Amino acid sequence: MADSVKDIQDQIIEEFSILDGDMEMTNFYIMELGQKLDPMDEEKKTDDNIVKGCQSKVWLTAWLEENKVFFSADSNTAITKGLVSLLTRIFSGQTPDDIINADLYFPQEIGMDRFIGTQRSNGFGAMIKQMKLYALALKSKIEA
Amino acid sequence: MADSVKDIQDQIIEEFSILDGDMEMTNFYIMELGQKLDPMDEEKKTDDNIVKGCQSKVWLTAWLEENKVFFSADSNTAITKGLVSLLTRIFSGQTPDDIINADLYFPQEIGMDRFIGTQRSNGFGAMIKQMKLYALALKSKIEA
Amino acid sequence: MAEVSQESKKVLDIQEIRKEFPVLDQEVNGKPLAYFDNAATTQKPLQVIQALEDYYKGYNANIHRGIHTLAERATKAFEETRVVLHQFLNSKEKEEIIFTKGTTDSINLVASSFGRRFINEGDEIIVSGLEHHSNIVPWQILAEDKKATIKVIPVLDNGELDYEAFEKLISKRTKMVAVNHASNSLGTINDLPRIIKAAHQVGAKVLVDGAQATAHIALDVQSLDCDFYAISAHKFYGPTGAGALYGKRELLEEMPPYQSGGEMIKDVSFSGTTFNDIPYKFEAGTPNIADIVALKEAVNFVNRLGKENIASHEMNLLKYAVEGLSTIKDLKLVGTAAEKVSVQSFIIDGVHHFDIGQMLDARGVAVRTGHHCTQPLMESFGIEGTVRASFAVYNTVSEIDSMIEGLGRIVKFMK
Amino acid sequence: MAEVSQESKKVLDIQEIRKEFPVLDQEVNGKPLAYFDNAATTQKPLQVIQALEDYYKGYNANIHRGIHTLAERATKAFEETRVVLHQFLNSKEKEEIIFTKGTTDSINLVASSFGRRFINEGDEIIVSGLEHHSNIVPWQILAEDKKATIKVIPVLDNGELDYEAFEKLISKRTKMVAVNHASNSLGTINDLPRIIKAAHQVGAKVLVDGAQATAHIALDVQSLDCDFYAISAHKFYGPTGAGALYGKRELLEEMPPYQSGGEMIKDVSFSGTTFNDIPYKFEAGTPNIADIVALKEAVNFVNRLGKENIASHEMNLLKYAVEGLSTIKDLKLVGTAAEKVSVQSFIIDGVHHFDIGQMLDARGVAVRTGHHCTQPLMESFGIEGTVRASFAVYNTVSEIDSMIEGLGRIVKFMK
Ligand SMILES: Cc1ncc(COP(=O)(O)O)c(C=O)c1O
Ligand SMILES: Cc1ncc(COP(=O)(O)O)c(C=O)c1O
């Protein structure tokens, strides 16, 4: 069984804590994580799958496996790709309900919360919303 | 011979000095002076003779007598009428050049200078300008 | 985000409130200032002035497209005001709040953009005889452009609209009814529910000029069901140069852009340009960021005091003023509607309003004189202008006493 | 009225100047802020912030029609800024200065009002490939309305306009040429005398978008002989929400009003309305009084330092930055015109501009990234956007060092 949303967030916070709040290092680390993100099928990078509200582009898809939600994502910018990799790490393999109800506190802890407030310049908030919407849609699929 | 522009201004300043800068009294006194202004011929109160830039209306005409300029004026508001009566008192009977070159310092001394700065709301500045323009026009008449 | 008053009914401590307005603490012509020109513009509390200072000393940056920290802070603060106004007006969505320069700008936006899309030859636009020029001239220009016609709701002697006449004016040809919430010259509060219902029955839209209502009347655009609502920040304790337009989403979405340039576009190319979503479609160019940020504090100020409490203080002042004015010989009140905001116009037989204004100013009392940008209204009363005293939350009865005393002296002198 | 620098050539004491900008004295992400987003908006010196405070704490009132003391003081201060701008731009008359929200508002005013009166079917409007969306989209909308055509002056590889191509584009059909004085994305200073001369030879008018010039280039609209000049206060140390349009009197007088409402009318009645003289004809509604009052202090600030001295410091910074940037592997400068203001755009092969912006912000360096509202220009270079560093008088070489060091680290990491 996957770790809980809370557990994974706590792991992430722990990992980032050695960077001691240095934002430049934090960004480097996030980009590194992005480089390790599972590649997304090129044919999934359609306009339909672009998350709205991003300055940089994010493609995002989701599917069910044994009633758990899985995500695949990519971005044209390194930092956004790193951020989305954190989100897929947390959410992939969770139940729809766990995703829908997730309370994400890690952005604040790693100094990335400012990406959430201003949806227009950056898509972090939009990404989270889109993942929850996917979970909601997939949930109704299970229940149907 | 008429007193000079300077002399009359000094008389006015002297007269107002007993009001001790009390603006309410000053306004009352100005209105009183206005009530004593020589009446203007009704047929001279034409649109052509209205001074532009006034919130209250001022009619103003000028003519020559023995190469001296004389003014007749009226206004639909009491304070403006008082102000214009001060101006006609100073300027009527002066030579065109004395009017054109006149340096009016009395408004400042009697606390009425604020009417000069903002030409749009009140026509004090516009009145002075118009009187100087009349003097200029009449001067060219003399010289012609 | 918005400070909301906890106890809703309370008696305000006016002396304490006055301390929040440093401008009030001054002498004019050697007398304490009594500022009764609030319908023209209100004074600003410290928290508004402070917000400007904090912005410029702390995080000034151009918004929306910037990704650096200051730009994100500025964007956040700017968008917070949108949320606060959305709550203040109770719009359904925050995207229905468009930032403008003020009421005039908001009305021009609607006249131009709504007009372009929805007004055609032979259509009728109804305005009221109480309107400010800003809610007349844009419609006149539109009507001329489109060969449409302007109809005018007449005004009764007491300053109320003639609703029966209105209900005869309105027809299938009516496409827009543009009325103010409260009259700036007379204070009359219009019966918007009645107007809006009648308008909607024939499919007409309603624009409400809210310039004079925001500081005094609790607002709820959803329950009013108006289609547009226009406001100016400077009329309710906010800075000059900022205001807003509320519009129903479905209308705003169908309307073409008004101004164009940066920010209101999605993609620009010389082969074709696509526009952004609302509200941004209507917000071309760098907005008035600092003042819009500070506008939030104006709403917070009003909410902290509570509009009901503000209005109740102002109604006391109005009543007191009317009583005082009634003691002045030959003084005639102009505007005596049953429902009013705290505005009182008057004239004195045989004394020009300009002289009254000057004489009051000489004793520190600031009133407005003239036609108040409502020439057609003045004309319908057969007068050129009035003296207008308009009260805000920081005014006091002793200030009114000074005005009444001054008026007494003028009348005594003039007669 | 305007403070003018006495000695015209002097080396500025930048550390002293920085003290006038409290916003600069802060840490961002734990590092000292280096604000290089000046082409988006400059920071404001204390005297501008103080002017706002003085206005709101001292003499806030609505202007022009008010006759009480505060209204007269506010009107006087407001109109003083008109005189100061008239001197700053060297217009022939102060009435040729119209207050607007900013450059976008000014250009929309001209496109709408001049366009309405003077642009007809088949006419041509020339804009340059360097333009900001605010100087493109209003003309596109006008052209669509009037069945006119837009022609585009191409841009050379170094960011300069192709003047020979321009001289082929221009013809008797050309009615308007709209170009910026300096490009916000590339910094290119355009050869306005050449453009204006060619335009006037065929009877076309010229609108200059001066948004990026005001802070850097000495201005003289009379010797330029342009027909319109549009500026934003916030781009030259002034407040947001205020700007101006210069226009030649004879054109402004022939143009119909743009927005309508209070203040821009002479007389309003339902049988017909007459408009005020310029500049008031174009200033509908309560203006942004406080910010326009404070704008005077922005001009005073620039005049006190001396534009020549400011430009000379900025050119040193630009040169230093270009040298530093040239040491970064795979970095390509975008915009290398011979004559430039202190703006440098660049891209790094294989690194998205967004990531560069974020990484620089992480070390306190604020740059702008993206298309800078010049999508057609970006398209003509075959890129999506750039990183843009733009310098103001308060920037220093050590701030540039920090940017260069940050860029070096990014490249090292990414490659
Ligand atoms: C060249 C240029 N033109 C026009 C504008 C628009 O100015 P504003 O947003 O102040 O209206 C800008 C700034 O964004 C600019 O740099
Ligand atoms: C009723 C009314 N409508 C419109 C306006 C115009 O508002 P603004 O000048 O802020 O655009 C005013 C204020 O002058 C007003 O009182």
Side-chain angles (χ1 to χ4, degrees), chain C residues 22-23 28 37 40-41 43-44 49 52-53 56-58 60-62 65-70 101-102 104-105 108 132-134 136-138 140-141 152 232 234 239-241 259-262 265 267-270 273 284-286 288-291 357-358 361 366 368-370 373 375-376 379, chain D residues 22-23 28 37 40-41 43-44 49 52-53 56-58 60-62 65-70 101-102 104-105 108 132-134 136-138 140-141 152 232 234 239-241 259-262 265 267-270 273 284-286 288-291 357-358 361 366 368-370 373 375-376 379:
Chain C
V23 72
V28 163
D37 195 17
T41 200
Q43 299 301 338
K44 323 305 171 196
I49 305 169
L52 289 172
E53 190 179 331
Y56 283 127
K57 291 189 177 171
N60 167 63
N62 213 329
R65 294 186 183 279
I67 55 169
H68 58 78
T69 300
L70 292 195
K101 267 200 300 198
T104 302
D105 195 22
N108 275 272
H132 188 281
H133 295 162
S134 292
I136 297 174
V137 190
Q140 285 183 320
I141 290 176
V152 184
S232 296
H234 73 94
T240 56
Q259 294 196 319
S260 52
I265 54 88
D267 282 295
V268 174
S269 87
F270 286 115
T273 289
T286 303
N288 187 350
I289 307 169
D291 289 323
Q358 286 300 328
D361 182 59
R368 188 138 297 226
T369 62
C373 290
Q375 282 186 328
E379 215 175 288
Chain D
V23 70
V28 162
D37 195 17
T41 199
Q43 299 301 337
K44 322 306 172 196
I49 305 169
L52 290 172
E53 190 179 330
Y56 283 127
K57 292 189 177 171
N60 167 62
N62 213 327
R65 294 186 183 279
I67 56 168
H68 57 78
T69 300
L70 292 194
K101 267 200 299 200
T104 303
D105 195 21
N108 274 271
H132 188 281
H133 294 162
S134 292
I136 298 174
V137 190
Q140 285 184 320
I141 290 176
V152 185
S232 295
H234 73 94
T240 56
Q259 294 197 318
S260 53
I265 53 88
D267 282 294
V268 174
S269 88
F270 286 116
T273 288
T286 302
N288 187 351
I289 308 169
D291 290 323
Q358 286 299 329
D361 182 60
R368 188 135 299 225
T369 62
C373 291
Q375 281 186 327
E379 216 175 288

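Nothing here was measured: the structure is a model prediction, and the numbers come from that model. Below, each value reflects all heavy atoms present in this structure, side chains not excepted, and no hydrogens, waters or symmetry copies. Letters A, B, ... are given to chains in the order of the sequence lines, protein chains preceding strands, and every chain is numbered from 1.
Most heavy-atom pairs under 4.5 Å with chain D: of the set Ser269(C), Gly357(C), Gly102(C), this distinction falls to Ser269(C). Most heavy-atom pairs under 4.5 Å with chain D: of the set Glu379(C), Gln43(C), His132(C), Lys101(C), this distinction falls to Gln43(C). Listed options Thr273(C), Val137(C), Ile141(C) were ranked by heavy-atom pairs under 4.5 angstrom with chain D; first place goes to Val137(C). Heavy-atom pairs under 4.5 Å with chain D were tallied for Ser260(C), Gly241(C), Gly285(C), Gly261(C); the largest tally goes to Ser260(C). Between chain D and the residues Leu52(C), Ile289(C), Val28(C), the largest count of heavy-atom pairs under 4.5 Å involves Ile289(C).
Put simply, the side chain of Gln259(C) does not reach to within 4.5 Å of the side chain of Pro138(D), judged on heavy atoms.
Between the side chain of Glu53(D) and the backbone N or O of Ile49(C) there is no donor-acceptor pair closer than 3.5 Å. Under the 3.5 Å distance criterion, the side-chain polar atoms of Thr104(C) are left unmatched by any main-chain donor or acceptor of Ala284(D). Put simply, the side chain of Thr240(D) never gets that close to the backbone of His234(D): no donor and acceptor are under 3.5 Å apart.
Within the 4.5 angstrom heavy-atom criterion, atoms from both the backbone and the side chain of Asn62(C) approach chain D. With a 4.5 Å cut-off on non-hydrogen atoms, Gln140(C) touches chain D through its side chain but not through its backbone. Residue contact with chain D, scored on non-hydrogen atoms closer than 4.5 Å, involves the backbone and the side chain of Val268(C) alike.
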